[in-house]
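For this chain, numbers begin at 1 and follow the sequence in order. What you see is a predicted model, and the numbers here were worked out from it, not measured in a lab. Numbering of ligands and ligand atoms starts at 1, following listing order.
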Amino acid sequence: MQAVQFTEHGDRDVIEYGDFPDPEPGKDEALVDVKAGALNHLDVFTRRGLPGVDLEMPHIPGSDAAGVVTDVGEDVTRVEVGDRVAVTAGVSCGECEFCRHGEHSLCESYHLIGEHVRGVHAEQAAVPAANLVPVPDDIDWVTAAAAPLTFQTAWRMLMTRADIEAGESILILGASGGVGQAAVQIADYAGAEVYATASTDEKLAYAEECGADHTINYAENDFASEMRELTDGRGVDVVVDYVGPETWDDSTKCLAKGGRLVTCGATTGPKAETNINRVFWKQIDILGSTMATLGEVDDVLSLVWDGTFEPRIRETLPMSEATRAHGMLEDREGFGKVVVIPDSER
Ligand SMILES: [Zn+2]
């Protein structure tokens, strides 16, 4: 088969699209004929190399994909040949204390397809059957491939961890990013008053289309002072910050008393200073969130399939242009998901 791959970590020019041995499904796996894959920032971080992650080379990147089941291992009963499926990347053991409580993304051996093991940006992928979600016939492959990672991440972060309620106010930083656009749509769906930041007016207009009630251009204005003004000094109930050190301190300033700061990542680095006085005086909760349980994945994807949520697409490229696809994420050009299609499917 043809696969996007790299044999060493590095800049985007390490990426190649070429021959790779056909994968064979293990006994609890299904073989998927990939129709479309989508990129996440994780693909860029994985390609550059993540501390503590030692990959078997060559590595195939990619955590999001959708396609048709063409073969199944002997123990598989969840899916059968011919099924339309989307891949959800989080692999859990099903047996540890956290899995037994249904907390799959807390699994002791939790790992992600594409980050810790070979991914799905290839003509075929062998994936645990538990990681496949049925895709209805009327859903196109691009939508099915673009939704799983970002929508499950935003869904668990807002609905389970921050537990947002109708009428609450929420500030979403980086609202035009993959998780950001999903978070805006989900917060709007939950009935929250949504404040969104982005770096250009074009991106802000896009956040408004996704459901933001108020927008702030953080490149032109100090968003913390802007938020103080917009909320008459009260602040918001929830802040979503996956930016990290660049925004963390301001995010705690933007919270109302009793507010929750929720994070699912740190794109500007892992270490930030926290003003502890502000944490106890305002009685702030700081909440981490990663991916989602398998049940949460089913819940949010059913709302993508019925049209409640829509992953916005920036560009669809052949897999042979994966280098350019990575570049679009790294250079933060535009907004929406970048999708790659096997050249043989175009
Ligand atoms: Zn487990």
**Study point:** Members sharing V339's hydrophobic cluster (side chains within less than 4.5 Å)
**Key:** V142, I313, I341
Revision key, fill the gap. What lies under 2.8 Å from the Zn ion (ligand 1), restricted to protein N/O/S atoms, is C93 SG, C96 SG, C99 SG, C107 SG
Point to revise | E24 atom CD, over 12 foreign heavy atoms within 6.0 Å | key: no
Review point. Take atom CD in E202; do more than 12 heavy atoms of anything else shown fall under 6.0 Å from it?
Key: no
Check your understanding: With A66, which residues qualify under side chain to side chain contact (heavy atoms under 4.5 Å, CB included), at least two apart?
Key -> A86, W141, A144, A145
**Study point:** Audit row: E296, T160, side-chain hydrogen bond (donor to acceptor under 3.5 Å, both in side chains) steps and yes/no
**Key:** CA-CA 9 Å; E296 287 162 345; T160 305; 2.7 Å; yes
Point to revise | Results of side chain to side chain contact (heavy atoms under 4.5 Å, CB included) for D250 - residues two or more places apart only | key: D222, F223, A224, K253
